[in-house]
Amino acid sequence: MVTIDDYGKYETAWCPGCGNFSISEAVKKALVERQLAPHQVLFVSGIGQAAKAPHYLNTNLFNGLHGRSLPVATGVKLANPGLTVLVESGDGCNYGEGGNHLLAVIRRNVDLTLLVHNNQVYGLTKGQASPTSAGGFVTKAQPLGVPSEPFNPIAVAVAMRAGFVARAFSGRIEHLSEMIQQGIAHRGFALIDVLQPCVSFNKVNTFAWYDKRCYALPHDYEPDDWESAMKVACEWGDKIPIGVIYRNNRPSFESHFNVLKDGPLVSRKVDKTRLKDIMKAYG
Amino acid sequence: MVTIDDYGKYETAWCPGCGNFSISEAVKKALVERQLAPHQVLFVSGIGQAAKAPHYLNTNLFNGLHGRSLPVATGVKLANPGLTVLVESGDGCNYGEGGNHLLAVIRRNVDLTLLVHNNQVYGLTKGQASPTSAGGFVTKAQPLGVPSEPFNPIAVAVAMRAGFVARAFSGRIEHLSEMIQQGIAHRGFALIDVLQPCVSFNKVNTFAWYDKRCYALPHDYEPDDWESAMKVACEWGDKIPIGVIYRNNRPSFESHFNVLKDGPLVSRKVDKTRLKDIMKAYG
Amino acid sequence: MRDRDLNILIGGEAGQGLVTVGQILSKSLVRKGYSIVVTQSYQSRIRGGHNSFAIRVGVDEVIAPRKSVDLLVALNGDTVIQHRDHLSPEGLVILDDSFGLSGDSFLKVPFSELSEKRFSNTVAIGVAGAIIGLDENLMAGTLDYYFGKKGASLVEKNRDALVRAVKWATENSISGFMLPDFSNPPRRLMMNGNEAISLGALTSGLRFCAFYPMTPSTSIVLNLAGHAERAGIIVEQAEDEIAAINMAVGASFAGAPSMVATSGGGFALMVEGVSLAAMTETPIVIVVAQRPGPATGLPTRTEQADLEFVLHSGHGEFPRAIFSPGTIEECFHLTRRAFELAERYQGPVFLLTDQFLADSYRAVTPFGIDQLSSIRAGEQASETSNYARYAITENGISPRLLPGMTEHLVVADSDEHTEEGHITEDLTMRKRMVEKRRRKERGMRSEVVPPDLVGEEDADLLLLSWGSSKGAVTEAASLMRSDGLNASTLHFSQIWPLVPENFMDILRQAEKVICIESNATGQFARLIRRETGFNIEEKVLRYDGLPLTPEYILREMNR
Amino acid sequence: MRDRDLNILIGGEAGQGLVTVGQILSKSLVRKGYSIVVTQSYQSRIRGGHNSFAIRVGVDEVIAPRKSVDLLVALNGDTVIQHRDHLSPEGLVILDDSFGLSGDSFLKVPFSELSEKRFSNTVAIGVAGAIIGLDENLMAGTLDYYFGKKGASLVEKNRDALVRAVKWATENSISGFMLPDFSNPPRRLMMNGNEAISLGALTSGLRFCAFYPMTPSTSIVLNLAGHAERAGIIVEQAEDEIAAINMAVGASFAGAPSMVATSGGGFALMVEGVSLAAMTETPIVIVVAQRPGPATGLPTRTEQADLEFVLHSGHGEFPRAIFSPGTIEECFHLTRRAFELAERYQGPVFLLTDQFLADSYRAVTPFGIDQLSSIRAGEQASETSNYARYAITENGISPRLLPGMTEHLVVADSDEHTEEGHITEDLTMRKRMVEKRRRKERGMRSEVVPPDLVGEEDADLLLLSWGSSKGAVTEAASLMRSDGLNASTLHFSQIWPLVPENFMDILRQAEKVICIESNATGQFARLIRRETGFNIEEKVLRYDGLPLTPEYILREMNR
Ligand SMILES: Cc1ncc(C[n+]2csc(CCOP(=O)(O)OP(=O)(O)O)c2C)c(N)n1
Ligand SMILES: Cc1ncc(C[n+]2csc(CCOP(=O)(O)OP(=O)(O)O)c2C)c(N)n1
Ligand code: SF4
Ligand code: SF4
Ligand SMILES: [Mg+2]
Ligand SMILES: [Mg+2]
C-alpha cells in the first residue's frame with residue numbers, strides 16, 4: 001500500500017500562503033489514490049517557483065532548464081514508456097519560453113500529464129508579466145501595463161484537439177487532485193492548467209479573486225463535444241470554469257512506434273544479426 | 001505611379017512549376033495595387049525556399065535566420081512604424097522552428113502581414129515532414145509516416161483571436177493578391193496561410209489536390225463572427241475554405257506605446273533635459 | 001580602520017525588506033559624501049532563507065568589499081549566527097532584544113518599544129545611522145525618497161520611528177563607529193552596475209531594448225523600463241531570449257540603437273542571433289551578467305566563467321569586442337563605448353559583468369550629461385547612386401543606410417551575399433566577404449581600451465585581473481605594498497580584442513605574475529597564453545559563488 | 001597517373017540525377033575492389049544551378065580529393081564550361097552530342113540514339129564505366145541495387161540503355177582510362193562520413209536520436225531513420241533544435257543512449273542543452289557537421305570554423321571531449337568511442353565533421369560486427385542503500401542508476417545540487433561539486449586518441465592538421481617527400497582534451513611547422529598555443545567553402 005508518507009515531507013523555498021503548497025498536496029493525494037509508488041513515477045520540471053515542486057516530493061525527478069521540461073519528458077517517455085511521467089512548471093515556463101514545445105507535445109499526444117502552475121506572473125524572477133498576465137497588468141517591467149493580450153492555453157489546446165484539457169484551482173484541492181488522477185489515467189497528453197495565487201507578485205489575481213470566479217463544470221457537461229468545449233474554453237472573467245473541458249481518445253504518440261511493442265528502449269541490447277543485415281546495404 | 005516593373009524581374013533558385021512563383025506574382029500585384037513604392041516596403045524572411053522570395057523583388061529586405069523572421073519584423077516595426085512590413089517564409093519556419101514567435105506576435109498584434117508559403121513539407125532541406133504535413137505522410141525522415149497530428153494554423157490563430165486570419169492558394173493569384181492587399185490594409189497582425197504545391201517533395205498535396213478542394217468563402221460569410229470562424233477554421237479535407245476567415249479590430253501593438261506618438265524611434269535624438277531629469281533619481 | 005572605513009552588514013530573510021534598509025543607509029551615506037561598496041548576497045527565493053546587504057563605507061575612496069564586519073545589523077536571529085564569526089575585533093551586533101540572544105558585543109535594541117513591528121526596519125536604520133553619525137534629517141530625507149510615493153501618513157509614521165530610534169541610540173551613546181564629517185562634501189550619485197549600464201545606454205542613444213527576465217541582468221531592463229516614457233525608448237519583454245535578440249537586430253537594422261541583457265543560460269539561446277548580427281553587419285550591444293553555471297547553477301550568485309563562451313559564441317568567424325567593466329563608472333562609460341563600437345563596426349559588442357558588480361551600489365561622481373555625445377544610427381544619405389549595403393571597402397566598413405529613410409533599397413542577408421546583399425554561391429565573393437568582415441577587427445584593435453597598471457612597471461609581483469574584481473585586486477596589491485612588497489596590478493576592462501603590445505612589456509618585466517579570476521579554470525590566463533604565448537602558472541581562483549575580496553586574495557596567495 | 005589513379009567528375013544541374021550517376025559508378029568501382037574518394041559539391045537549391053560529384057578512384061589507396069579531372073562526365077553544357085579548365089592534359093570530356101559543343105578532347109556521345117531521354121543518366125554510366133573498364137554485369141548489378149525497388153520494367157529499360165551504352169563505348173574503343181583488374185579483389189563497403197557515423201552509433205547501442213533537419217548533418221539521421229525499425233531505435237524529428245537536445249537528454253537520462261546531429265546554426269540553439277547535459281551529468285553524443293558561417297552562410301559548402309565555438313559552447317565550466325574524424329573509418333570508430341566516453345564520463349561528447357567528409361563516399365573494409373562491443377546505459381543496481389546520484393567520488397564519476405529500473409530514486413538537477421541531486425545554495429557543496437565535475441577531465445585525458453604522425457619524428461617540415469583534411473594533408477606531405485623534402489604530418493582526430501606530452505616533442509623537433517585548416521583565422525593553431533605556448537606562425541587556410549586538396553596545400557605553401 002502506497003501512503004502519503006511515502007512521498008515524504010520537505011521544507012520548501014516558497015512564500016507562506018503561496019498556492020503551490022496546495023498543488024503539492026493535491027499531487028501527493030493523486031499519486032496515492034492511484035497507488036503509484038515513488039520509484040514508478042518521474043517528475044520533470046523547468047525553472048521557476050513552480051518548477052521546484054518536484055524537489056519537495058520523494059520521487060524520481062529531472063529538474064531541467066527553464067521552458068524545456070516538455071521535450072525532456074518526451075525523451076524520457078519514449079525511452080521508457082513504463083514510467084508514469086508528470087511535468088510540473090510555471091506559466092512562464094510552458095506558455096512563454098517553452099511555447100513551441102507545448103504546440104509540439106499536443107500534436108504528438110505523448111502520454112504525459114502536464115501541471116501548469118498558472119499564477120499569471122513570473123514568480124522566481126520577481127514579478128514580470130507572464131504570457132497569461134491580463135492586458136494592462138502593471139509590473140516593474142511593464143510600468144504602463146502589459147500591451148499584449150493574454151494567452152489562453154485552454155482555447156489553444158482545445159483548438160488543437162489536445163487529448164485531455166482541464167482547468168483547476170489550487171484552492172480546491174480535492175477537485176484538483178481528481179483532475180490530476182484523470183490526467184494520469186488518460187492515455188495521451190493531458191494539460192491541466194492550475195490557477196495558483198502568487199501572494200508576493202500578483203496582487204490582482206488573488207486567492208479571493210479566483211475563489212469568487214471559479215465554478216465547477218456541471219455534471220452533465222460533455223467534454224467530448226468539441227464545439228461546446230471551444231465555447232467553455234473561452235470563458236474567462238466573472239466566471240471561470242474548472243474541470244475537464246475537453247477530452248478525446250486520439251492514439252498516444254508512443255502507440256505509433258512498433259519498436260516499443262517489444263518493450264522499452266532502455267533495457268534493450270544490440271542485436272548483431274540485425275546489424276549485419278543493415279550493413280548489407282553498404283556492400 | 002508605382003508599376004509592376006518597379007519591383008523588377010529576377011532569376012530564381014526555385015524548381016520549375018513551384019507554387020512560389022505565383023505567390024511572388026500575387027505579392028507584386030498587391031504592392032502595386034496599394035501603390036507602395038519599393039523603398040516604403042520592407043520584407044523580412046527566414047530560411048527555406050519560401051524565404052528566398054524577397055530576394056526576387058526589388059525592395060528593402062532582411063533575410064534572417066530560420067524561424068526568426070517574426071521577432072526581427074517586430075523589432076523593425078517598433079523602430080519604424082512607417083514602414084510597410086511583410087514577412088514571408090515557409091510552414092517550417094513559422095509553425096516549426098518559429099512556433100513560439102507566432103503565438104507571441106498574435107498576442108501582440110503587431111502591424112505585420114505574414115505570408116506563410118505552406119507546402120506542408122520542408123522544401124529546402126529536401127523533403128522532411130513539416131508541422132502541417134498530414135498524419136501518415138511518408139518521407140525519408142518519416143519512413144513509417146508522420147506520427148503527429150498536423151498543425152492547423154488557422155484554428156490556433158482564430159482561437160487566439162488574431163486580428164486577421166486568411167487562407168489562400170497559390171493557384172488563385174487574383175484571390176491571393178486580394179488577401180495580401182487586405183492583410184496590408186489591416187492595422188494589426190495579419191496571418192495569410194498560402195497553400196503552395198511543392199513539385200519536388202510533396203507528391204500528395206499537389207496543385208490538383210489543392211485545386212480540387214479549395215473553395216472561396218461565400219460573399220455573405222461574416223469573418224467578424226468568431227464562432228462561425230472557429231468552425232470554418234477546422235474545415236480541412238475534401239473541402240478547404242479560402243478567404244478571410246476571421247477578423248477583428250483589436251488595437252495594434254504599436255498603438256499602446258505613447259513614445260511612438262512623437263514619431264518613429266529611428267530619427268530621434270537624445271533629449272538631454274530629460275536625461276538630466278532621469279539622473280535625479282540617483283542623487 | 002573603523003574611523004575611516006566601516007563595514008556594515010544587514011542580514012535577514014528574503015521578504016524582510018533588508019534591501020530597503022541597505023539602500024536607505026547607503027543613500028544617506030552617499031548623500032553625506034562618503035564612498036561605498038555594496039555587496040548583495042541573496043538566494044533564489046522570494047521569502048525566507050538568508051540574505052545580506054553589506055555596505056563598506058569610507059571617508060576616503062573604498063573600492064572593494066571587505067569580509068570582516070564592523071557593524072552587523074541583524075533583522076533576525078539567524079543573521080547573528082551566520083555572521084558573528086566575521087565580526088571584527090571591536091565589531092558590534094545590532095539586534096532586537098526579543099531574539100533572546102546574548103553576547104559580548106551585542107547591542108540589544110528594544111524594537112517593540114520603539115515602534116510598531118511594521119516599522120522595525122526604520123528603527124534599524126535609525127539606530128545604525130545614529131551610531132555611525134548620520135544626521136537625523138539626512139536619514140529622514142532619504143526615507144521620504146523611498147517611501148514618499150506611498151502616502152503622507154506612512155511617511156509620517158516612518159519618521160516617528162526614526163526619531164525614536166535615533167533618540168534611543170543617542171541616549172545609549174555607542175561610540176567607536178562615528179565617521180568624520182565633511183566640510184565640503186562632494187556631490188555623488190548612488191547606483192549599482194546594472195543601473196550604470198542602463199544610464200550609459202540611455203546617454204548613448206539607445207532606443208530599443210528587448211529582454212527575457214534573467215537574474216542578475218533583469219534590473220538593467222527594469223531600470224530602462226522605468227525611464228522608457230521619459231527617455232522616448234521602447235523596452236519590450238520578449239517571449240524568449242531568441243526573440244529578444246532577433247527583435248533587437250530588427251530594430252537596429254531599421255535604425256534604432258539596440259541592446260539586450262541576459263545571463264549565461266539566456267545568452268546560450270542568443271548565440272545564433274550573435275552570428276546573425278555579425279553576418280548582416282547589424283550593430284547590437286549585448287550585456288551578459290554572469291552567474292555560476294553550468295545550466296541553472298546558482299542563479300543569484302557571482303562568477304566569471306563565461307569569458308570563453310562569450311568570446312567564441314556564435315558559429316562562423318567574425319570580429320567582436322568585449323568589455324569587462326571593473327567599476328560602476330566603467331559600467332557607464334564602457335557601455336557608451338560599446339554603443340559607439342557597435343555602430344562604427346556594425347556588429348555585436350559585449351559587456352561582460354557579473355552578479356557582484358550588477359548589484360553593487362557605489363558612489364559615483366555625476367557624469368556631466370552635457371559633455372556626452374550620442375550616436376546616430378546609420379548614414380542619412382548615400383553618395384553613390386548604386387547603393388550596395390555590403391560594398392567591399394578597405395577598412396571593411398560598408399555604408400549603412402536605413403531602410404525606408406531614403407529611396408535606396410537596403411538588402412541584408414544571413415546567407416553569404418553579394419555587395420548588394422543578395423544571396424550568392426559565388427565562392428570568390430565568399431572569400432572577399434570573409435576578408436572584408438575580418439578587416440573590421442583591425443579598426444577595433446586600433447582603439448582598444450588598454451589595461452590599467454597600478455604600481456611599478458617592473459613589479460616583483462604582478463596581479464592580473466579582469467572585470468568586476470578590479471577593486472579587490474587593486475586593494476590586495478596596495479595592502480601588499482604597505483607590507484613592503486613591490487606589487488602591481490594590471491587590470492583588463494576590455495578583454496577582446498587583446499593587443500599584446502599594450503601589456504607584454506609589463507608581463508615580461510614582472511618577477512612573478514598571478515592571474516586572479518572568479519572561475520575554476522583560469523580562462524583569462526589561458527587567453528593570454530593563446531594570444532601571447534606567455535604562460536601564467538599561478539592563479540588565484542574562486543568559484544563558490546561569492547565575489548573576490550582582498551582578504552580572499554591575500555589568504556589564497558599565502559597558502 | 002591515369003592508369004592507377006583516375007579522377008572522374010560528373011557535373012550537371014540539381015535535379016538531373018547526377019548523384020545517382022555518381023553513386024552507381026562509385027559503388028561499381030568499390031564492388032570491383034578499387035579505392036575511392038568522393039567530393040560532392042552542390043548548391044542550396046533543389047533544381048538548376050550547378051552541382052558536381054567527383055570520384056577519385058585508385059587501384060591503390062586514394063585518400064584525398066584531386067582537383068585535376070581525367071574524365072569529365074557532363075550532364076549539361078554548363079558543366080563543360082565550368083570544368084574544362086581543370087581537365088588534366090590527357091583528360092576526356094564525355095558529353096551529349098546534342099549540346100553542340102566541340103573541342104579537342106571531347107567524346108560526343110549520341111545520347112538520343114542510345115536511349116530515351118529519361119535513361120540518359122544510365123547511358124552516361126555505361127559509357128563512362130566501359131571506358132574505365134567496368135564490367136557490364138557489375139554495373140547492371142549496381143543499377144538493380146538502386147532501381148530495384150522501382151519495379152521490374154524500369155530495371156529492364158535501364159539495363160537496355162546500359163547495354164547499348166557499353167556497346168557504343170566499346171565500339172568507339174576509347175583508350176587510356178582502363179583501370180587494371182584485380183586477381184583477388186578485397187571486399188569493401190561504400191559509405192560516406194554521415195553513414196559511417198550512423199552505423200558507428202547503431203553498433204554502439206544508440207537507442208534514441210532527435211534532430212531538426214540541417215545540411216550537411218541531415219543524412220546521418222535519415223540513414224538512422226531508414227534502419228530504425230530493424231535496429232529497434234527511435235528517431236524523432238523535433239520541433240526545433242532546442243527540443244532535439246532536450247529530448248535526447250531526457251531519453252538518455254531514462255537509459256536510452258542518445259545522439260543529436262546538426263550544423264552551426266542549429267548547434268547554436270543547442271548550447272544551453274549542452275550545459276544542461278554537463279550539469280545533470282547525462283551522457284549525450286552531439287554531431288556538429290560544419291558548414292561555412294556566420295549565420296546561414298553557405299549551407300551546402302564545407303569549412304572547419306566551429307572548433308572554438310564547439311569547444312566553449314555552453315555557459316559555465318565542465319569537461320567534454322571532441323573528436324574530429326579524418327577518414328570514414330574514423331567516423332565509424334570515433335563515434336563508437338564518443339558513445340563510450342559519454343557513458344563513462346556522463347556528459348557531452350562531440351563529433352566535429354564537415355560537409356566534405358559528411359558527403360564523401362569511400363571504400364572501407366567491413367567492420368567485423370561480431371567483435372564490436374556496445375555500451376549499456378547506467379548501472380543496473382546500487383550497492384548502497386542510500387543512493388545518491390551525484391555522490392562525490394575520487395574520479396568524479398558518480399553511480400548512475402536509471403529512474404524506475406530499481407526502487408532507488410534518481411534525482412537530477414540543473415541547479416547546483418547536493419549529492420542526492422536536490423537543489424542547494426550551500427556554497428561549500430558548490431565548490432565540491434565544481435571540483436568533482438572537473439575531476440572527470442583527468443580520466444578523459446588519460447584516454448585521448450593521440451595524434452597520428454606520418455613521416456619522420458624530426459621533420460624539416462611538419463604539417464599540422466585536424467578533422468576532414470587528413471587525407472589531403474597526408475598526400476601533400478607524401479608528394480613533398482617524393483620531391484626529396486623531409487616532410488611529416490601530425491594529424492589530430494581528437495582535438496579535446498589536448499595532452500601536450502603526446503606531441504610536444506614532435507613539434508619541437510620540427511624545423512618548421514605549418515598548420516593547415518579550413519577556416520580564416522587558424523583556430524587550431526591558436527588552441528595549440530593556448531595549451532602549449534607553441535606558436536605556429538605559418539598557416540595554410542582555406543575559407544571559400546571548398547575542401548582542402550593536396551594541390552591547394554602545395555600551391556599555398558609555394559607562394
Ligand atoms: C533560459 C532562461 N531564461 C530565463 C531564466 C530566468 N527565469 C527563471 S524562472 C523564470 C520565470 C518563472 O516564471 P514561471 O515559469 O511562471 O514560474 P513561477 O516562478 O511563476 O512559478 C525566469 C524567466 C532562466 N532560468 N533560463
Ligand atoms: C536553426 C536552423 N535549423 C535548421 C536549418 C535548416 N533549414 C533550412 S530551411 C529548413 C526548412 C524549410 O522548410 P520551410 O520553412 O517549410 O520552407 P520551404 O523550403 O518548404 O519553403 C531547414 C530546416 C536552418 N537553416 N537553421
Ligand atoms: S513568489 Fe509567488 S509563486 Fe513564488 S513562492 Fe512566492 S507566492 Fe509562490
Ligand atoms: S523544392 Fe518545392 S518548394 Fe522548393 S522550389 Fe522546389 S517545388 Fe518549390
Ligand atoms: Mg508563473
Ligand atoms: Mg515548407
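Side chains are part of it too, since the values below use all heavy atoms of this structure and drop only hydrogens, waters and symmetry mates. Numbers restart at 1 for each chain; the letters A, B, ... are given by sequence-line order, proteins then strands.
The part of C:Ala228 that comes within reach of chain B is its backbone (N, CA, C, O), which places non-hydrogen atoms under 4.5 angstrom from that chain. For C:Gln23, no part lies near chain B; criterion is any non-hydrogen pair under 4.5 Å. Both the backbone and the side chain of B:Ala281 come within contact range of chain C, with heavy atoms under 4.5 Å apart. Using a 4.5 Å cut-off between heavy atoms, C:Thr282 contacts chain B through its side chain alone, with no backbone atom that close. Within the 4.5 angstrom heavy-atom criterion, no atom of C:His417 approaches chain B. B:Phe62 touches chain C through backbone and side chain together, each having a heavy atom under 4.5 Å away. Residue contact with chain C, scored on non-hydrogen atoms closer than 4.5 Å, involves the backbone and the side chain of B:Leu65 alike. Contacts between B:Lys77 and chain C at a heavy-atom distance below 4.5 Å are absent for every atom of the residue. Of the atoms belonging to C:Ile233, it is backbone heavy atoms, and not side-chain ones, that fall under 4.5 Å from chain B. Within the 4.5 angstrom heavy-atom criterion, only side-chain atoms of C:Asn223, from C-beta onward, approach chain B. Within the 4.5 angstrom heavy-atom criterion, atoms from both the backbone and the side chain of C:Thr203 approach chain B. Neither the backbone nor the side chain of C:Arg389 comes within less than 4.5 Å of any heavy atom in chain B. For chain B, no part of C:Ala210 is nearby; none of its heavy atoms comes within less than 4.5 Å. Only the side chain of B:Leu42 comes within contact range of chain C, judged by heavy atoms closer than 4.5 Å. If you measure heavy-atom distances from C:Met279 to chain B, you find no contacts under 4.5 Å at all. For a residue to count as touching a neighbouring chain, one of its non-hydrogen atoms must lie under 4.5 Å from one of that chain's; by this rule B:Asp262 does not touch chain C. Proximity to chain C is limited to the side chain of B:Leu260, based on heavy atoms less than 4.5 angstrom apart. Heavy-atom distances place the side chain of B:Phe253, and not its backbone, under 4.5 Å from chain C. Looking at C:Ala243, both its backbone and its side chain come within 4.5 Å of chain B, counting heavy atoms on both sides. In this structure, no portion of B:Leu70 lies under 4.5 Å from any heavy atom of chain C.
When every heavy atom of C:Ala256 is checked against every heavy atom of B:Leu265, the shortest pair comes out as CB-CB, 4.3 Å. The two residues C:Glu239 and B:Ala104 have their closest heavy-atom pair at CD-CB, 3.2 Å. Nearest approach of B:Ile278 to C:Leu199, heavy atoms of both residues: CG2-CD2, 4.0 Å. Across every non-hydrogen atom of C:Ala254 and B:Ala79, the tightest pair is CB-CB, 3.8 Å.
Around the CD atom of C:Glu379, the shell of radius 6.0 Å holds more than 12 heavy atoms that belong to other residues, nucleotides or ligands. Within a 6.0 Å sphere centred on NZ of B:Lys29, heavy atoms belonging to other residues, nucleotides or ligands number 12 at most. At most 12 heavy atoms of other shown residues, nucleotides or ligands fall within 6.0 angstrom of atom CD in B:Glu11.
Distance check, rounded to the nearest 0.5 Å: CZ of B:Arg68 to CD1 of C:Ile245 gives 11.5 Å. Separation of atoms CE (B:Met279) and CD1 (C:Ile369) is listed at 3.5 Å; rounding is to 0.5 Å. Note that CZ of C:Phe208 is 8.0 Å distant from OG1 of B:Thr74, once rounded to the nearest 0.5 Å.
Looking at C:Asp413 and B:His55, their side chains come closer than 4.5 Å, going by heavy atoms from C-beta outward. Residues C:Leu409 and B:Leu61 have side chains not in contact (no heavy-atom distance under 4.5 Å, counting atoms from C-beta outward). Using a 4.5 Å cut-off on side-chain heavy atoms (C-beta onward), B:His101 and C:Ile242 make contact. The shortest side-chain heavy-atom distance between B:Asn63 and C:His422 does not fall under the 4.5 Å cut-off.
Formation of a donor-acceptor pair under 3.5 Å by the B:Arg274 side chain with backbone atoms of C:Arg230 is found in this model. Between the side chain of C:Asn246 and the main chain of B:Val72, no donor-acceptor pair closer than 3.5 Å is present. The main-chain N or O of C:Arg188 is never found under 3.5 Å from a side-chain atom of B:Tyr282 such that the two would form a donor-acceptor pair. The backbone N or O of C:Ser374 lies less than 3.5 Å from no partner atom in the side chain of B:Lys269, so there is not a single donor-acceptor pair.
The pair B:Lys276-C:Asp370 counts as a salt bridge, with a side-chain nitrogen and a carboxylate oxygen less than 4.0 angstrom apart. Between C:Glu236 and B:Arg108 there is a salt bridge, with a side-chain nitrogen of the basic residue lying less than 4.0 Å from a carboxylate oxygen of the acidic one.
Chain C forms more heavy-atom pairs under 4.5 Å with one residue of B:Asp277, B:Ile47, B:Val41 than with any other, namely B:Asp277. Among C:Asp415, C:Val30, C:Ile423, C:Val249, the residue with the largest count of heavy-atom pairs under 4.5 Å with chain B is C:Ile423. Most heavy-atom pairs under 4.5 Å with chain C, from the set B:Asp271, B:Thr59, B:Val44: that is B:Thr59. The candidate from C:Gly273, C:Ser258, C:Pro403 with the greatest count of non-hydrogen atom pairs under 4.5 Å with chain B is C:Pro403. Listed options B:Asn80, B:Leu275, B:Leu103, B:Thr84 were ranked by heavy-atom pairs under 4.5 angstrom with chain C; first place goes to B:Leu275. With respect to chain B, the highest number of heavy-atom pairs below 4.5 Å among C:Arg187, C:Arg376, C:His408, C:Glu195 belongs to C:Glu195. Between chain B and the options C:Ala412, C:Gly255, C:Pro257, heavy-atom pairs under 4.5 Å are most frequent for C:Ala412. Highest contact tally toward chain B, considering only C:Leu189, C:Leu202, C:Ile234, is held by C:Ile234 [criterion: heavy-atom pairs under 4.5 Å].
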**OP:** Please step through side-chain contact (heavy atoms from CB on, under 4.5 Å) for the pair B:Leu83 and C:Met405, ending with a clear verdict.
**Re:** CA-CA 9 Å; B:Leu83 283 165; C:Met405 305 301 279; over 6 Å; no
